[in-house]
Amino acid sequence: MNADSNASVSAKQSNYELVCCSGHGKNGALSILHQSLRPDLITEVELPGCKGIWTVYYKGSRTLPDAGGSGLDADEEFHAYLIISLETRTMVLQTGDTLAEVTETVDYYTEGATIVAGNLFNRKRVVQVFSRGVRLLDGAYMTQELRIEGAPPQADDGSSALESISVAYASIVDPYVLLKMTDGSLQLVTGDSVNCNICVSAPKTFQNLGDPVTACSLYQDRGPSPWLRRTSMDAWLAPTFDLVDISDGSDSIQADVYCIICRRSGRLELYELPNLICVFSVNDLPHGYKFLYDCKGAPKIPLEGLKKEQVESQSQDSSKMDAGASLHVIEVCMEKWSDNFGRPFLLAVLSDGTCLFYHAYLYEGTDNNPIVEEGHDSGTGFLGTATSRLKNLRFVRLGLDQVSAKDDIATLKPVIVPFRNVGGLRGAFVTGARPIWLMNFRERLQVHPQLCDAAIIAFTPLHNVNCNHGLIYVTSQGLLKICQLPGLNYDNDWAAYKIPLKGTPHQIAYHAEVNLYAVIVSSTVQKTAAQIIESSDQGTAFITELENEDGQWMVNLEEFEVRIIESGKAGAMWETRMVLPMQMTEHALTLRIVNLKGPDQMQTLLAIGTAYVQGEDVPSRGRIILMSLGQDANDPSCWASEVFSKECKQGAVTAVASLQGHLLIAIGTKIFLHTWNGNDLEGTAFYDAPLYVMSLNIVKNFVLFGDIHKSIYFLCWKEEGAQLVLLAKDFGSLDCFATEFLIDGSTLSLLVSDSRRNIQIFSYSPKSVESWKGQKLLPRAEFHVGSHIPKFLRLPMLPTTTSTRTNRYSLLFGTLDGSIGCVAPLDELTFRRLQSLQKKLVDAVPHTAGLNPRSFRQFKACGQTHRPGPDNIVDCELLFHYEMLAYKEQLDLANQIGTTRTQILSNLNDLTISTGFL
């Protein structure tokens, strides 16, 4: 379902939500899944030229009354001001009952853009950083201002350049403000919590000594027992640390504030404040090694001590890495969201768009030696033991799904904005061309993209009277939006919520014009044998065995009904508008929204196919029902009216579909094509199916159906002769579960899933010799999924910057195990490249339990005769392990298959973007 009818292009498709039938019995429900997160909009205003937004607290600002008299919790305190940085000025708004502009009545710096704004001294002061200074304010009144004057850079002739150094970036953690200057050096602003004033210093440690700083951040180790203290060398010998009260109203923790610095060379350094002691350092962070360990103080091996082979190997590695010599960190953040027992996360964005996510852990080895990863020489040849304070600190890389590209970085630099309470959730928001949410659950990060607004320039949390723990963000179109997160379950790969049905859902159809869902639901009820005998018009033969002496033995019976449900907004309950009960022993097998050509106009109706299940002694029969959906103007309680109903004595109605205004019905072993005259169905054509039709699929005048044992058949409807003509079929034996057409431009392929958890793709090639003059469908590809697939959904692929092909569709499928997958077409050149990479990854990547993915994905025939088909499918689950490899390993694999790392990452990026349906 498309949740926003006004959306367009990729934003339109990101507004789709996937509605699934899930669960069994009393646990049955409709599961609504969102791959892309969509906040609930409260209001929006046009704000062109915005560069950044921040919300700040102020202790003297508006607060809510507290019945206990102990004051509000820190998370429940309202924001006082909203600061908006424009290209040439700064706006200040007061966040009371309404957002009122107070730019002219406050002492904030408004003559130019703001770099960052935040709180100091336990929210008693507001600090504002701009390009030439730092301003400290008590609410709306300035109490102190520091002018930041850096030394001008020296020209080649020894003279000073005309432009002086200014502030380019800043990070705020109470009571410190870290300033990154335009020349790559750092300055530190330190606050005095007693006198509520600040001072600035330029430590020599932070100066640009030929290796400028490209990214920096501050981190406060919160908690009654700060976690990083446990990672110090010989922590059990260290003096006992005094526990500091971090509750509201206490002084800030200075001893547990750290400064994270990333330099142009790729070196990451962790400094303890205010002592400015480097307690942890890592070389080659952009290389994306699986483990990070401290290498500070390790002895350097002289070049003369290396063997000739080692020197040649290092020279070859350096030649491969010339293309990525400029790879560096452009944004870094270290954050811990659980104050009591959490471990910090390290987040970094590289200059090529790659996002690195690491999680800290405590490593206590017996010999206290760091784990040396293959190829991980820290970039400078460090070996041996480290001697830093945080000797036992390690970071392990997390494999999280995210999409980024170098082109996106060039247009809009990502910014990591941590938050501690947005809709009751904690995590971080990454702005940029493809913004993502990082949400923290039980020491894990869940990634949720937000694509409904395209690029997002700025983000900040907002909590006031009218927006309870909400958010504000600014889009690249110049719109400022105030929103709240919908009440979904975000602790999944896709955000989801459930609509309980208290029964087993079987099939679902959506009527877009009236925004109604039709769902087949069954539930188990108990009936007496007498009731069943009385209601059965076929005699008592089918339930004779159920009778006992008194005739009151209770029998479990499955009752079916079709529910008409109106959808609501995300997170809200849906309304059941009407229930259409089936007759006793009547099972609803299929339903579908069909477009039928009537005498006057096209009609959109709901077609329901049923079967009477009365035992093997009673001839099979069914019923076809046509319903008109929509609220009746004369009777508001009526949402569905029966237009046509007819009993089919030839057999059960197992599948229905609309074919160019006609109704195609699978009844027993035949497929009938009917014409709708407005009151009745008139037979037009038929085709004899082998045993039992499981599914019907239509594209233009082509028909694909799957048989329960006899594989798939490909038909064509000819209007002139009113005939259903067989074009080709699969002569093999296959127990079909689901079928669908796969469209790639002008190429039409046929896809089927079977009972052995495989999928196969066939093509109709009448000019091929192997097709027996077009009678046989030729296998194009086969793949073992490992789960039963009962349904395929055809969705258009999104356009990418590197692909110009149109009319491409991919198939989204769900499995009975509860998983979701996708089958998508690839260009020939891209496929050959990724196939070569896949063969290398089979040996280059460690697999779960040592299992071989190549063997697992082979077609499973289960003892039946099967001729292996062509190997024309790549396994993206394996391919995306390439992004988790270290930089050197990526270069080596790319070199082995004759391509580049950039090309491979671009292909994987395009594949993810084009299949980002929801």
Side-chain angles (χ1 to χ4, degrees), residues 115-116 120 127 129-134 144 146-156 158-161 163-192 197-221 228 232-233 254-285 294-300 328-332 334 378-380 382 386-391 393:
I115 303 296
V116 73
L120 289 181
V127 61
V129 181
F130 49 97
S131 60
R132 298 294 180 182
V134 178
Q144 187 181 359
L146 296 178
R147 304 300 296 182
I148 306 298
E149 298 293 344
Q154 298 292 325
D156 295 338
S159 60
S160 298
E163 295 184 0
S164 61
I165 300 172
S166 60
V167 180
Y169 175 82
S171 176
I172 301 174
V173 165
D174 196 6
Y176 299 99
V177 180
L178 183 64
L179 308 177
K180 185 173 82 73
M181 314 305 290
T182 53
D183 68 336
S185 62
L186 298 179
Q187 296 191 23
L188 183 65
V189 177
T190 306
D192 183 356
N197 55 27
I198 56 177
C199 62
V200 64
S201 62
K204 294 183 179 180
T205 309
F206 290 166
Q207 298 308 304
N208 179 6
L209 304 177
D211 192 5
V213 176
T214 58
C216 61
S217 179
L218 292 176
Y219 164 67
Q220 186 177 31
D221 197 15
L228 283 181
S232 61
M233 182 181 61
Q254 298 186 12
D256 291 315
V257 177
Y258 298 87
C259 173
I260 300 98
I261 297 175
C262 294
R263 299 188 180 272
R264 173 73 66 174
S265 62
R267 184 178 179 86
L268 178 140
E269 298 171 346
L270 187 65
Y271 288 87
E272 182 188 29
L273 300 180
N275 301 325
L276 297 177
I277 300 175
C278 183
V279 294
F280 187 84
S281 61
V282 173
N283 290 315
D284 296 335
L285 175 65
D294 181 41
C295 61
K296 179 179 179 295
K300 190 172 183 179
H328 59 276
V329 178
I330 60 174
E331 182 73 12
V332 67
M334 190 172 177
S378 304
T380 56
F382 285 127
T387 58
S388 67
R389 176 173 175 254
L390 304 182
K391 182 179 180 181
L393 176 61

Contact between Leu285 and Cys262 at the side-chain level, heavy atoms closer than 4.5 Å - yes or no? yes
Going by heavy atoms in the side chains, are Leu273 and Val173 under 4.5 Å from each other? no
Search all heavy atoms of Met334 against all heavy atoms of Ser217 and return the closest pair with its distance. N-OG, 4.4 Å
Provide the closest heavy-atom pair for Leu146 versus Gln144 in the form atom of the first, atom of the second, distance. CD2-NE2, 3.7 Å
Would you find a donor on one side and an acceptor on the other, under 3.5 Å apart, between the side chain of Asp211 and the backbone of Arg264? yes
Apply the test ring pair (Phe, Tyr, Trp, His ring centres under 6.0 Å) to residues Phe206 and Tyr271: give CA-CA distance (whole Å), side-chain angles for both, the deciding distance (0.1 Å), then the verdict. CA-CA 10 Å; Phe206 290 166; Tyr271 288 87; 5.3 Å; yes
Single hit among Ile261, Val213, Thr214 for side-chain contact (heavy atoms from CB on, under 4.5 Å) with Lys180: Val213
Could you grab the distance from atom CG of Leu186 to atom OG1 of Thr205, nearest 0.5 Å is fine? 10.0 Å
Measure from the side-chain N and O atoms of Ser171 to the backbone N and O of Leu218, and report whether any donor-acceptor pair falls under 3.5 Å. yes
Any heavy-atom pair between the side chains of Leu390 and Glu272 that's under 4.5 Å? no
Is Tyr258 close to Val279 at the side-chain level, that is, under 4.5 Å between some pair of heavy atoms? yes
Using every non-hydrogen atom in the two residues, find where Ala202 and Gln187 come nearest and quote the distance to one decimal. CB-CG, 4.0 Å
Heavy-atom closest pair (Tyr219 atom, Asp221 atom, distance to 0.1 Å) is OH-OD1, 3.0 Å
Could you tell me whether the side chain of Val282 reaches within less than 4.5 Å of the side chain of Arg267, counting heavy atoms only? no
Would Leu188 and Leu178 count as a side chain to side chain contact (heavy atoms under 4.5 Å, CB included) here? Give the steps. CA-CA 5 Å; Leu188 183 65; Leu178 183 64; 4.2 Å; yes
Please find the pair of heavy atoms, one from Pro274 and one from Tyr176, that lie closest to each other, and give the distance. CB-OH, 3.2 Å
For residues Gln220 and Val257, report the shortest heavy-atom separation together with the two atoms involved. CG-CG2, 4.1 Å
